[in-house]
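Sequence positions, counted from 1, serve as the residue numbers for this chain.
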Amino acid sequence: MSFIVYCGLEYAMKILSSGEIIVFLIAFCAILIMTEGLHWFTRRSVLSVFHARKLLHFFALAVSALVIQSSQERTLLSIIFLSAFFILLIVSYKRLLFPETQTSYGIAFFALAFGLLLLSSLPTEAIFYAALVTAVCDPLAGWAGMKWGRGGSIFLFEKKSWPGFLAFYLSCLLISVFFIGITPQLAFLALIPALSELFSWRGSDNLLVPVISAIWFTLVQHLHVNLDVMLFLGLMATSMMLVFKKQWLTPEGIAAAVWMGMVIFVAGSWSWLAAIALFFVAGSLSSKWLGQKKEGAGRNAVQVFSNGAVASCCAVLYALHPDVAWLMGFLVSVGVCLSDTLSSDVGMKIRQQPYDIITFRAVPVGLSGGVTLAGTLAGLTGASMLALVGGYLFSLSWYHVLTILLFSQAGMIIDSILGSLLQGKFIGQNGEVVEEREFGFQLVRGYSSISNDGVNLLANVIIVLIVVFLYI
């Protein structure tokens, strides 16, 4: 115990002698003075609350960026940011800064993001870049969206606008020039942070944008714009035009697909992209040909991410820390999605009587948690297809191929179980049990806040965590 106390005191003396604690205090006082000054202006109606919040956002994050760039004590700075997160969480909950507006935890999330990034193995330059992007681009996107957005569109859970995206992208391009110069990688580097801001909600961009920007900055450093990259860009553009024409995806879904495709390609390779493309093409054709989707309907961003977010994370983690566990997690994630999609589509087309996987009672066709023999066999076919293709693409042994097949099928079963237990089901005015809630419908099972997309994502997370744990 005395040794720990001695080391703690020695570390504290080292920090005090280095003068870094003085820098931290100056930064804190500067942010505090700026906060009080903006309050003074808003109380006298010199500034609107919206502009005051954006100015505070810019100043606080810009100061944080400078501190991150100059500090040599990442561990101490991480502790400070994480401590600030809990304090700001209370401030946000109590609405102590701007009581006139709805509760938003954005001011707390940026402290959490920087605290976690500083604890990671990512280079300081990447974290500094992420802090500057969040400080400058996010307020500009909000301002452009308010001025020219004209209502915007719901990309995930919150309204965003294309003018806001453009402002974010252009300002991110400018910042990126100072880090990597005028190179072809610029277009790649600025795009993913800008797209990530579109899919944030209630201040979560202050967590998502810096974390994704820092990771993306690290990945793009190793990207060489060659013939493969140019071919990928051409293929991506052609595919998205075809998807838009066929209405397989909504515009918001296309933005999500571009985000996911670029992340998987840069983090992995053609093999990784081919695996996720197999699911997308097979799933889209299945939904159209077998009639699950209504004419003119398309998958939105929520559906795209619920099926591809886990696979994208596995690809990024493999790029940062190569391990077969992340590759297997990626392939199982894609396998679960393909298996579940084909199972649902075939089950609805053949229209056998489905039975609830938990209660074994007959349920209406298409209701989550219901299973049929035809649907189960179709899911097994999808899992087998992905396992064989994945084995070929990555030169895997038959043991790995069988593992992908079994866990993909297990993930489909978990999806059915969660659909039966958790997904909200309602009784309509005609007495029919449905999953879409409308006015006057009564909840009879599950949770109203959990949809089929939520069940898909949760099942994917559970089975991939099991696979990764077993391999690691």
Side-chain angles (χ1 to χ4, degrees), residues 19-71 73 76-115 117-118 124 127-147 164 167-168 171-172 174-175 178 193 197 200 202-210 213-214:
E20 290 218 9
I21 195 69
I22 305 299
V23 175
F24 299 155
L25 288 174
I26 291 174
F28 172 77
C29 291
I31 294 173
L32 191 62
I33 291 170
M34 184 67 173
T35 303
E36 287 301 314
L38 289 173
H39 266 297
W40 187 87
F41 283 116
T42 54
R43 285 195 297 266
R44 285 157 180 77
S45 300
V46 177
L47 275 177
S48 67
V49 173
F50 173 83
H51 288 98
R53 289 181 63 172
K54 294 303 177 184
L55 283 172
L56 179 59
H57 174 104
F58 166 75
F59 186 80
L61 269 71
V63 169
S64 299
L66 293 175
V67 172
I68 290 170
Q69 195 270 340
S70 62
S71 176
E73 298 291 338
L76 175 64
L77 191 55
S78 173
I79 294 172
I80 292 174
F81 273 119
L82 292 176
S83 302
F85 164 68
F86 292 104
I87 296 172
L88 291 172
L89 206 60
I90 298 172
V91 170
S92 301
Y93 178 75
K94 297 289 186 180
R95 291 196 294 183
L96 298 179
L97 284 178
F98 298 102
E100 308 90 347
T101 60
Q102 66 176 353
T103 303
S104 175
Y105 300 100
I107 195 170
F109 285 153
F110 88 84
L112 175 62
F114 295 152
L117 288 171
L118 288 164
T124 300
I127 305 173
F128 177 50
Y129 170 82
L132 280 182
V133 166
T134 312
V136 176
C137 304
D138 186 73
L140 288 176
W143 176 77
M146 185 187 70
K147 190 172 182 62
F168 194 113
S171 55
C172 190
L174 184 61
I175 291 173
F178 292 97
E197 197 275 336
S200 61
R202 298 292 294 274
S204 67
D205 49 350
N206 286 347
L207 174 61
L208 294 176
V209 170
S213 298

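- Put simply, the side chain of Phe168 reaches to within 4.5 Å of the side chain of Val133, judged on heavy atoms.
- In this structure, the separation between CG on Leu61 and OG1 on Thr134 is 6.0 Å, given to the nearest 0.5 Å.
- Closest non-hydrogen pair, Leu88 versus Phe110, comes out as CD1-CE2, 4.4 Å.
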Walk me through whether Phe81 and Phe85 qualify under ring-ring contact (aromatic ring centres under 6.0 Å, His included).
CA-CA 6 Å; Phe81 273 119; Phe85 164 68; over 10 Å; no
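- Between Ala167 and Ala144, the shortest heavy-atom contact is CB-CB, 3.6 Å.
- Heavy-atom minimum distance, Ala62 versus Ala135: N-CB, 3.7 Å.
- Rounded to the nearest 0.5 angstrom, Ser213 OG and Leu117 CG are separated by 9.5 Å.
- The heavy-atom pair separating Leu77 from Val67 by the smallest distance is CD1-CG1, 3.8 Å.
- Here the straight-line distance linking atom CZ of Phe50 with atom OG1 of Thr42 works out to 14.5 Å at 0.5 Å rounding.
- Taking CD1 from Ile127 and CG from Leu118, the interatomic distance works out to 4.5 Å, rounded to the nearest 0.5 Å.
- Across Val49, Leu55, Leu56, a single residue satisfies side-chain contact (heavy atoms from CB on, under 4.5 Å) together with Arg53, and that is Val49.
- Of all heavy-atom pairs spanning Leu38 and Ala52, the tightest one is CD1-O, 3.4 Å.
- Within the model, atoms SG of Cys172 and CD of Glu197 stand 11.0 Å from one another, a figure rounded to the nearest 0.5 Å.
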I would like to know whether Val136 and Phe58 meet side chain to side chain contact (heavy atoms under 4.5 Å, CB included); could you show each step before the answer?
CA-CA 6 Å; Val136 176; Phe58 166 75; 3.9 Å; yes
Stepwise side chain to side chain contact (heavy atoms under 4.5 Å, CB included) test for Trp40 and Glu36
CA-CA 6 Å; Trp40 187 87; Glu36 287 301 314; over 6 Å; no
Carefully, step by step, assess Ile80 and Phe28 under the rule side chain to side chain contact (heavy atoms under 4.5 Å, CB included).
CA-CA 11 Å; Ile80 292 174; Phe28 172 77; over 6 Å; no
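- Between Pro210 and Phe114 there is a side-chain heavy-atom pair separated by less than 4.5 Å.
- Side-chain atoms of His51 never come within 3.5 Å of backbone atoms of Trp143 as a donor-acceptor pair (strictly under, hydrogens ignored).
- Closest approach of Ala108 to Leu89, counting heavy atoms only: CB-N, 3.7 Å.
- For the atom pair CG of Leu82 and CD1 of Ile87, the computed distance is 11.5 Å after rounding to the nearest 0.5 Å.
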